[in-house]
Engineer: 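The structure under discussion is supplied below as C-alpha cells; questions concerning it will follow.
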Amino acid sequence: MTNYTPTEMMTVTAARALGNQDVCFVGIGMPSAACNLARLTHAPEITLIYESGTIGTKPDVLPLSIGDGELCETAMNTVPVTEMFRYWLQGGKITVGFLGAAQLDKYGNINTTVIGDYDNPKVRLPGGGGAPEIATSCGEIFLVMKQSKRGFVEKIDFVTSLGYGKGGDDRASYGVTTKGPSRLITDLCIMEPHSVDKHFIVTSIHPGVNRDDIIAATGWQVEFADEIAQTPVPSDHELQILRDLHARTNAAHEGQ
Amino acid sequence: MTNYTPTEMMTVTAARALGNQDVCFVGIGMPSAACNLARLTHAPEITLIYESGTIGTKPDVLPLSIGDGELCETAMNTVPVTEMFRYWLQGGKITVGFLGAAQLDKYGNINTTVIGDYDNPKVRLPGGGGAPEIATSCGEIFLVMKQSKRGFVEKIDFVTSLGYGKGGDDRASYGVTTKGPSRLITDLCIMEPHSVDKHFIVTSIHPGVNRDDIIAATGWQVEFADEIAQTPVPSDHELQILRDLHARTNAAHEGQ
Amino acid sequence: MVAQFMSLKNAVATCVQDGDVIAMEGFTHLIPHAAGHEIIRQGKRDLTLIRMTPDVIYDQLIGAGCAKKLVFSWGGNPGVGSLHRLRDALENGWPRKLEIEEHSHAAMANAYDAGAAGLPCAVFKGYRGAELPRVNPNIKFIKCPFTGESLAAVPAIRPDVTVVHAQKANKKGDVLFEGIVGVQKEAVLAAKKSIITVEEIVDDFADIPFNAVMLPNWAISTIVHVPGGAHPSYAQGYYKRDNAFYKAWDNIARDRDSFKDWIDQHVMNGGPEDFATRLKMHNAKAEA
Amino acid sequence: MVAQFMSLKNAVATCVQDGDVIAMEGFTHLIPHAAGHEIIRQGKRDLTLIRMTPDVIYDQLIGAGCAKKLVFSWGGNPGVGSLHRLRDALENGWPRKLEIEEHSHAAMANAYDAGAAGLPCAVFKGYRGAELPRVNPNIKFIKCPFTGESLAAVPAIRPDVTVVHAQKANKKGDVLFEGIVGVQKEAVLAAKKSIITVEEIVDDFADIPFNAVMLPNWAISTIVHVPGGAHPSYAQGYYKRDNAFYKAWDNIARDRDSFKDWIDQHVMNGGPEDFATRLKMHNAKAEA
C-alpha cells in the first residue's frame, strides 16, 4: 500500500508520537484521528480525554463534535466540564495536548481567533475554546497542521495560545512551567524547537517531499537541522486501520 | 402526656420553627433530632442537608456521626464535600443553619474552639468544623443550647463563628448579608435579637419556668420583651414521634 | 420556591425578559434547542447570551435578532465549520451589531463554577501569554497571597435565567442529568431563574446511583416536558446527535434568505411539539 | 506512573517517609484505619497530618507519637465527645508537643479542591467575623478585582501522600468510590503519591454509571486490597459503621495506659488481615 495522502502521512506520523503512557487531551478533527489511530495500533493503553469530560474513551467511530454520545458510552468515566478543566487539565494530569491553528508562527504561538484586527476582523474564527489553557497546562504540545504560506506566518494576527512567545525563555516568563510545543507535524515534515531560541527547525522530511516544497509552503524563513531524517512511511496496517476508522465514521455520520 | 424533659421541650420548640420550605444544614445531636422531628410531624417536605454531602436525606434513625450510611441511603442525592461547601452552603442555597456552642454571648457569637487562651487552652474543644461559614452563609441561624452560666457568658473566649459581632450593624461590616441568629432556643425559653442593637431578648418562656430561672442560668444581664409569650407545650404526638426516634436510634447504635 | 411544571410558552414568557442575561448550556449533549426556538418565537430582544460553545442554537438566536451581546469561548459548528449567522453579525452587523465578550473554555467553566459557588469571581491559572486579556477588560490578574504567583480572574457568571435540557424529572420536580453533563448544573445553580426542559417525567427516581448528577426541585424555577427538545443535539439514553442536521445547517445558515425561510418555517410556524416529530423522522432515517 | 498493587506493608514503606505531609481522608465513611495502623506499626515519625475531622484514626496516630503537626477543622469523636489523645497532646504535650494549623471545614474543602486543581491557594467566602485568622497566619484576605469584595484565601493542600479507602478497584487499577465521597478524590489528585486501600478487586467495572466517582489508574500510586480496612468506619455496600467501637474508644483513649495497651495489642501485634476478622466479629454482633 504505497499510496497514501499527505493527510494520512501527517496523521500516522502524529499517531506514532504517542505511547501507552500518554494521557492526551484530544481535539476534534485530525488530533482525534491520530490519537485513536495510536490507540488502535501501537498504544492500546493510551488514555484519551476530550474536553467534554470523557476520560479514557475508546470510540469506535470518530466524534463529529467534542461531546458525541460515543465518547461517553465508551469512556471509563465522564466528569463535569468544570472538573475537566480544573482538576484534570489545570491540575497537570495531561501529558500531551494536540493543537492546530489557523495561523502559526515559528515559535509555535497560535491564532484561532481572528484574521485581521480583533475589533474589525477580516475573518472571525471560532476562538480559543480550550486552547489557551491546553497550551500552557499539558506536559507538552503536539502541533498538527497542514503547511501553507497563509497558515505558517512570520507574525500571527492574534496570539490565542502561547507557544514559546518571543522565543528563548519567554514562555517561562509568563509563569508557565510546562514544555510547550515539542513537535510540529505537518503534511510535509516534522519540525522541532531549537534547543535555545525555540524557533522550529525541520528535523524530518516526509518521503517524496523536498526542501523547496517546505520553503514554498512556509511564511517564515525555514531552518533545516544539520541531520535530517526521512519520516518513515505509513505501514499497510496503519493505513488500513485509519481508513477503516474513517469509513466507519463517515457511515455513522451519514446515517445520523 | 404532660411529662416531658427540658431537652424534649427544647427539641420540640426548635422543630416547630421549621417549615416545609426550609432547606436546613443539620448538625449532629439536638439539631438532628429537631430537624427530623419536624420532618416526621408538620414538615414532611423539609429538605435536610448534612455537611457530609447528603441532600434531602430522610434517616429512619438519627446518625451518630455526620456521615452515617443511613444519611446517604435515604438521601435524594449525595455530593462531594467540596461541592457541599462551595455550591450549596456558600452558594446561598440553605435557608436555615442550626448551631450550638460551648460558649455563647448575647449577640449570638459562638465559641466551639477553646476555653482559655488559644495557645494554652484550659479546655481544647473540637473547633469550628462547618460553623464559621454556616454562621454567615445560611439565610438565618437557629441557635439551640441548654442554658447555663458557664455557657451563656458576657464575653466568649474565642469567636469561632460570627453572630451579630459587637451588635448593631457590626455583622454587615464583615461583608455578611445573611440574617444571622434569628432565634435562640434553650431548655428554658426562646430569645430573639433586638431589632436595632441585636442583643438577645427573651420573647417566650417555656411552661413551668420563671424569670429567675432564666436569670440564674445566664451569664449576661437578661432582657425580657415587653410582651412575653408562653411557649406551647409539646403535643403527645410530637413527644411520641421524638421518643420513638430516639428509641430506634439507641437500638440501632447499640446493635452496631 | 419549588420548581413549577409549565408549558414551554409559559416558562419562557414568565422567566425571560427583554434585556436579560441568559445562559443556555449543554456541551454538545442536551442542548435546549426547543427552548431556543420559543425565545425566538416570542421575539425576545436585547438578550445577553452566554454559552461556552455558541453553536447552532445561538446561530439561530443571533440570526433572528434576539441578541445584543454574546459571551462565549468557542463559536463554531463543531466538526463542520463556521457559524455563518454569528460571523455575519460580527463581520457585517447583520441583523444588528453584536457585542462580544470572549473567553477561553477554562475561564467560562471556572466562571460558572464561581457563580454556582456564590463567589464574585473565579481565580484560575489561565490566559498565560495569551492575547485575550488585551481585548477583554473582564480578564484581570491577581497575586496569590502566599506564593506571589500571578493568577487570572474573571467575573462569576450569574445569569438572570439559565436554560438547560435534561433527561428526567420526577413528579416532585427533581432533575437528573446523565452522560456528558457539561456545566449545566453549575449554570442552573448560578442563575436567578431556570428553565429545564426534560425528555421524560417519571413518578420517582428508583434505583439511581447515590452520586448521580441531580438538581433538587427547590433549586429550579420551572420544568417543561419537551420530548426531543434537544434535537439536533442528543439525549443520552433517548436519541443520538443528528450530525446530518449540523452539516445541513452550514448551507441553511450561509445565506440570509435561506436562514430566514428556515426560521419562518420551523420556528415561527412551529412549536415545541414539533421536536418529538422531528425526532421520529431522524430516528426513522437513522434506521433506514 | 500507573497504579501498582502491593501489600499494605510495602505501600506504606514505599510511599511514607518520616517528616512527610500526609492526608488521610474519608468523611465518617471509608476512613483508612488499616493504613493508619500500618503507619503506627512502621514507627513513622514527625508527620504533618492533614484531615478535616481528625477523629479516632488520628487520635491513634497522635497518641502513638507519629505526628509533629496537625492540620484540621474539627477534632472530636463525632456524637461521642473529645479525642482524648489529641487533647492530651495539645493540653499536656503528651507523648510530644503537637503543632496545629486550624481551619474551618469550608477552608479545608476549598484547599483540597485547590490542590486538585493545581492552584497555589483557594479563594472563598469564609472566616467573616471569625477569630481563626488571628491565630492562623495561613489565612489571608484578598480583594475581588471586579467588585472589591474581601475574600478569604488559604494555601492549597498538596500532601506528599494521600491515603484513602475505597470500595472497589478493577484489575487495571481504576478505583470506584460510592456513597459519601467526602474529599477523597480531591485529596488523591492533590497529592504527589497516594495509597488507596480497597474492599474488593474486581475484573472490571461493568455497568457502573457514566458519572460515577472514580480515579483512573494513572492518577494513583499504589492500591492495596484490605477487606474491612475502614473499620470501625464503614464501607457503603459492605459493612456498617461500628458505632459501638467509637463509643468504646472514649474509654480506651481517656487513659494513657489503656491507650498504649490497646495500641500494643491491636496495632503493634496486629496486621491488615485483622480487619477482615474484626469485621466478622462486628457483623456477628450486629446480627446477634
Side-chain angles (χ1 to χ4, degrees), chain C residues 29-30 101 106-107 109-111 113-126 128 133 136-158 166-167 176-182 184-185 205 207-214 235-237, chain D residues 29-30 101 106-107 109-111 113-126 128 133 136-158 166-167 176-182 184-185 205 207-214 235-237:
Chain C
H29 184 211
L30 296 173
E101 177 177 334
N110 275 285
D113 174 85
L119 292 168
C121 64
V123 173
F124 65 110
K125 282 163 75 168
R128 292 179 173 187
N136 181 348
N138 267 343
I139 302 168
K140 295 182 187 263
F141 292 87
I142 64 167
K143 283 210 181 311
C144 169
F146 302 100
T147 65
E149 186 176 351
S150 173
L151 298 167
V154 293
I157 294 175
R158 307 296 298 262
Q167 277 103 338
L176 175 68
F177 300 86
E178 283 182 308
I180 291 177
V181 295
Q184 282 99 303
K185 183 169 162 176
F205 293 143
D207 296 326
I208 62 163
F210 295 135
N211 307 112
V213 180
M214 290 183 67
Q236 190 91 44
Chain D
H29 184 212
L30 296 172
E101 177 178 333
N110 274 286
D113 174 85
L119 292 169
C121 64
V123 173
F124 65 110
K125 282 162 75 169
R128 293 180 174 187
N136 181 348
N138 266 343
I139 302 168
K140 295 183 187 261
F141 291 88
I142 65 166
K143 283 211 181 309
C144 169
F146 302 101
T147 64
E149 186 175 351
S150 174
L151 298 166
V154 293
I157 294 174
R158 309 295 299 261
Q167 276 104 337
L176 175 69
F177 300 86
E178 284 181 309
I180 291 176
V181 295
Q184 283 100 303
K185 182 168 163 176
F205 292 144
D207 296 325
I208 62 162
F210 294 134
N211 308 110
V213 180
M214 291 182 67
Q236 190 90 43

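First the proteins, then the strands, lettered A, B, ... as listed; each starts at 1. It should be emphasised that the depicted structure is a prediction, and the values quoted were computed from it without experimental measurement.
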Engineer: Heavy-atom pairs under 4.5 Å with chain C - which of C121(D), A122(D), A212(D), P209(D) has more of them than the others?
Structural biologist: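 Ranked by contacts with chain C, first place is C121(D).
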Engineer: Distance-only check: which donor-acceptor pairs under 3.5 Å involve side-chain atoms of residues 136-148 of chain D, not counting sequence neighbours?
Structural biologist:
unit_1: N136(D); atom_1: OD1; unit_2: N138(D); atom_2: N; d: 2.7
unit_1: N136(D); atom_1: ND2; unit_2: E102(D); atom_2: O; d: 2.9
unit_1: N136(D); atom_1: ND2; unit_2: H103(D); atom_2: NE2; d: 3.4
unit_1: N138(D); atom_1: ND2; unit_2: E101(D); atom_2: OE1; d: 3.3
unit_1: N138(D); atom_1: ND2; unit_2: E101(D); atom_2: OE2; d: 3.2
unit_1: T147(D); atom_1: OG1; unit_2: E149(D); atom_2: N; d: 3.1

Engineer: Suppose we screen for side-chain hydrogen bond (donor to acceptor under 3.5 Å, both in side chains). Which residues come up paired with D113(C), at least two apart in sequence or across chains?
Structural biologist: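 So D113(C) forms a side-chain hydrogen bond (donor to acceptor under 3.5 Å, both in side chains) with R86(B), Y87(B).
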Engineer: Side chain, backbone, both or neither: which part of I208(D) has a heavy atom under 4.5 Å from chain C?
Structural biologist: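 Neither part.
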Engineer: Under a 4.5 Å cut-off applied to non-hydrogen side-chain atoms, are N211(C) and N211(D) in contact?
Structural biologist: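 SC-SC contact between N211(C) and N211(D) ruled out.
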Engineer: Measure from the side-chain N and O atoms of K125(C) to the backbone N and O of G118(D), and report whether any donor-acceptor pair falls under 3.5 Å.
Structural biologist: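 Indeed, once roles are kept as given, a pair shorter than 3.5 Å links the two residues.
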